[in-house]
Each structure stands twice: as structure tokens, then as C-alpha cells.
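What follows is a single structure, written as C-alpha cells, with notes after it.
Owing to the predicted nature of the structure, the values given are computational and were not obtained by experimental measurement.
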Amino acid sequence: MAHTLVATTTPALSTYPAGVRAIDLNADLGEEITDDQALLAIVTSANVACGYHAGTPQIMEQVCTEAVRRGVAVGAQVSYADRANFGRVAREVPYAVLREQVADQVGTLAAAARAAGAQVTYLKPHGALYHRVIDDDEQGQAVLDGSGELPVLGMPGGRLLALATQAGRDIAGEGFPDRGYGDDGRLLDRGSPGAVLEDSEAIAAAALALASLQTADRVDSLCLHGDTPGAVEHALRVRTALETAGFLLRARF
């Protein structure tokens with residue numbers, strides 16, 4: 001592997017002021033299909049593609065440079081090595097291989113971030129890997145072991161966040177206002193009816209509902225997909241709705 005994880009960072013914004021309802025707004029960036037600059041003007045955290053499903057070191061540095069200018073947190077969006085399928089097809093990858101692949105991705109982004117004057121402050125799996133580590137302890141452990149001590153963003157109630165908590169790592173639960181949920185609380189398959197929401201008002205309403213959850217599996221961060229048609233408009237509407245409702249938009253890590 002070309003890179004290894006040299007150092008980790010401590011989250012600076014993991015504690016919100018007492019009595020303030022705070023929420024993080026994140027987007028998947030650096031994927032070469034997204035209006036990165038427009039979304040960086042709206043979100044508080046950027047999940048930056050690390051080259052395995054999309055992105056290049058040059059694009060990573062460009063995103064990180066703009067993130068620094070905007071005061072947006074930078075996270076490593078790690079994936080299975082599958083650019084052909086955008087990381088959205090399940091793969092059977094041995095623990096040791098996946099651990100090293102995660103370390104390589106985080107190291108690659110960390111180098112680009114340093115060149116831009118930024119730091120990688122958290123980790124988030126992408127696509128098929130994101131869904132796999134909801135249930136798979138071995139794959140989840142490989143993601144954790146390959147990423148040092150970085151805080152972890154993931155699906156509430158999933159095994160990845162449980163394992164991270166057991167290891168003493170900071171976590172944040174994530175909600176998806178532009179995606180449909182099934183009765184099991186999981187995201188609907190992208191090919192299913194209602195899986196991808198495209199109406200800005202409906203997405204904003206879903207964002208408010210998710211941000212207001214007071215359950216054990218609370219949502220700390222809302223993700224808006226940059227590859228959704230009208231993504232920038234949706235993000236603006238979500239941000240406006242949250243701020244109007246009294247939420248403080250702030251990076252979680």
C-alpha cells in the first residue's frame with residue numbers, strides 16, 4: 001500500500017453547548033459527480049472520497065482546501081476497492097486486506113488534507129461497506145483497526161458504532177433525509193420505490209423529523225447525497241428548515 005495512517009486527531013467539536021439543539025449536516029464529496037464547492041458552502045462536514053470508489057489525491061486536496069476556507073470538517077469516506085461500481089456492490093474482503101485498504105485510504109486523504117492545511121477528523125464507510133458493517137463484526141473491526149482512533153460516523157444501532165464505543169472511540173449516529181426507510185429502520189434498496197426522495201419540501205420535513213428524534217439511537221448528523229438530482233437545492237432547503245426550527249448547525253467532529 002502506498003500510504004499508512006500516521007496520526008489521528010482528537011475531535012474538537014464533539015460536545016455541544018448545554019441546552020442547545022445542535023445537528024451536523026454532511027455530504028459525500030470529492031466523488032467527481034458532485035458540485036463540491038456549492039455543497040461546501042452549505043454543509044458543516046465533508047465526507048471525502050479516498051480513491052477506492054471515486055476521487056484522486058488532487059481532488060481530495062481541492063476539496064480539503066475549500067473545506068478549510070469554509071470551516072467545514074473533513075472526514076475519510078472509505079470504501080471497498082470498486083470504482084467500477086462506485087463502491088455500491090457487496091464484496092467479500094478478508095479482514096487483513098480490508099484493514100490495510102482502510103489504512104491506505106485514510107492515509108491518502110490525510111496527506112492531501114495536510115497539503116491543504118486541514119486534518120482528517122472522522123471516518124465514515126461508503127456504500128456497500130457502510131451497510132455491511134451495520135451487521136458484520138469482522139468487517140466492522142477491520143474498518144476500525146485500519147483507521148487509528150478516528151471518531152466514527154455511521155448508522156445508529158449498527159455493529160460498527162457498537163464496536164467503536166467498546167473501543168472508547170467517539171461516535172455519531174447518521175440519518176438520511178433524502179432516502180426512504182423500511183419498516184426495519186434500514187434504508188430502502190436504491191432500486192425500490194420511494195428509496196430516493198427528490199422533493200425538497202419532503203426532504204426538509206424528513207430532516208426535521210430525524211434531527212428531532214429523542215430515542216436511544218439518536219441522529220447526530222444528517223447526510224445529503226450530492227449525486228441526487230437537485231442536491232444543492234435540497235441542501236439549502238434542509239439548512240434553512242433546520243435553522244428556522246432553532247437548530248445550531250455545527251460539525252460533530
Please say yes or no: joined through hydrophobic side-chain contacts below 4.5 Å, possibly via intermediate residues, are [X] and [Y] part of one cluster?
{"X": "I203", "Y": "V196", "answer": "no"}
{"X": "L249", "Y": "V232", "answer": "yes"}
{"X": "L161", "Y": "L213", "answer": "yes"}
{"X": "L39", "Y": "L236", "answer": "yes"}

Please report the interatomic distance [atom1]([X]) to [atom2]([Y]), rounded to the nearest 0.5 Å.
{"X": "D36", "Y": "I33", "atom1": "CG", "atom2": "CD1", "value": "9.5 Å"}
{"X": "L187", "Y": "S192", "atom1": "CG", "atom2": "OG", "value": "11.0 Å"}
{"X": "L224", "Y": "D178", "atom1": "CG", "atom2": "CG", "value": "5.5 Å"}
{"X": "R239", "Y": "T244", "atom1": "CZ", "atom2": "OG1", "value": "11.0 Å"}
{"X": "Q105", "Y": "C50", "atom1": "CD", "atom2": "SG", "value": "5.5 Å"}
{"X": "H131", "Y": "D189", "atom1": "NE2", "atom2": "CG", "value": "8.5 Å"}

Is [X] salt-bridged to [Y], going by a charged N under 4.0 Å from an acidic O?
{"X": "E233", "Y": "R237", "value": "no"}
{"X": "E61", "Y": "R114", "value": "no"}
{"X": "R250", "Y": "D24", "value": "no"}
{"X": "R159", "Y": "D137", "value": "yes"}
{"X": "R99", "Y": "D104", "value": "no"}
{"X": "K124", "Y": "D28", "value": "yes"}

Stepwise, does the side-chain contact (heavy atoms from CB on, under 4.5 Å) test hold for R186 with D135?
-> CA-CA 11 Å; R186 305 286 180 90; D135 299 308; 2.9 Å; yes
Run the numbers on N47 and L29 for side-chain contact (heavy atoms from CB on, under 4.5 Å), then give the verdict.
-> CA-CA 6 Å; N47 316 314; L29 302 178; over 6 Å; no
Would you say the side chain of [Y] lies within less than 4.5 Å of the side chain of [X], judging by non-hydrogen atoms?
{"X": "V93", "Y": "L129", "result": "no"}
{"X": "Q139", "Y": "Y80", "result": "yes"}
{"X": "L98", "Y": "R91", "result": "no"}
{"X": "L25", "Y": "L222", "result": "yes"}
{"X": "L188", "Y": "Y181", "result": "no"}
{"X": "L109", "Y": "C64", "result": "yes"}

For the backbone of [Y] and the side chain of [X], can you confirm whether one donor and one acceptor N or O come within less than 3.5 Å of each other?
{"X": "D35", "Y": "A38", "result": "yes"}
{"X": "S212", "Y": "A209", "result": "no"}
{"X": "R83", "Y": "G51", "result": "yes"}
{"X": "R179", "Y": "A195", "result": "yes"}
{"X": "R218", "Y": "L210", "result": "no"}

Go through the steps for D170 and Y122 under the test side chain to side chain donor-acceptor pair (under 3.5 Å), then give the verdict.
-> CA-CA 9 Å; D170 199 3; Y122 67 96; over 6 Å; no
Compare every heavy atom of [Y] with every heavy atom of [X], then report the nearest pair and how far apart it is.
{"X": "T121", "Y": "A73", "answer": "OG1-CB, 3.9 Å"}
{"X": "V72", "Y": "A46", "answer": "CG1-N, 3.6 Å"}
{"X": "L123", "Y": "S147", "answer": "CD2-OG, 3.5 Å"}
{"X": "V74", "Y": "A67", "answer": "CG2-CB, 3.8 Å"}
{"X": "A235", "Y": "I42", "answer": "O-CG2, 3.6 Å"}
{"X": "I23", "Y": "V219", "answer": "CD1-O, 3.6 Å"}

Might you work through the side chain to side chain donor-acceptor pair (under 3.5 Å) test for Q77 and Y130, ending with a clear yes or no?
-> CA-CA 10 Å; Q77 187 188 15; Y130 185 97; over 6 Å; no
Can you list the steps and then say if V97 with Q101 is a side-chain contact (heavy atoms from CB on, under 4.5 Å)?
-> CA-CA 6 Å; V97 174; Q101 289 179 342; 3.7 Å; yes
Is the Lys NZ or Arg CZ of R21 less than 6.0 Å from the centre of F247's six-membered ring, within 45° of the axis?
->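 Cation-pi check for R21 and F247: passes.
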Dump the intermediate steps for side chain to side chain donor-acceptor pair (under 3.5 Å) on N26 and E174, then the final yes or no.
-> CA-CA 9 Å; N26 76 73; E174 185 176 33; 3.2 Å; yes
Is it the case that more than 12 heavy atoms not belonging to E32 sit under 6.0 Å from its CD atom?
->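 Counting neighbours around CD of E32, more than 12 heavy atoms of other residues, nucleotides or ligands fall under 6.0 Å, so yes.
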Residue Q166 excluded, over 12 heavy atoms near CD under 6.0 Å = yes
Steps toward side-chain contact (heavy atoms from CB on, under 4.5 Å) verdict (L160, D136) | CA-CA 8 Å; L160 179 67; D136 191 313; over 6 Å; no
Starting from the C-alpha separation in whole Å, work towards a yes-or-no answer on ring pair (Phe, Tyr, Trp, His ring centres under 6.0 Å) for F176 and H225.
-> CA-CA 9 Å; F176 297 85; H225 291 92; 5.7 Å; yes
Taking it one step at a time, do H234 and E198 satisfy side chain to side chain donor-acceptor pair (under 3.5 Å)?
-> CA-CA 8 Å; H234 300 333; E198 297 184 357; over 6 Å; no
Check: F86 ring centre within less than 6.0 Å of H126 ring centre = yes
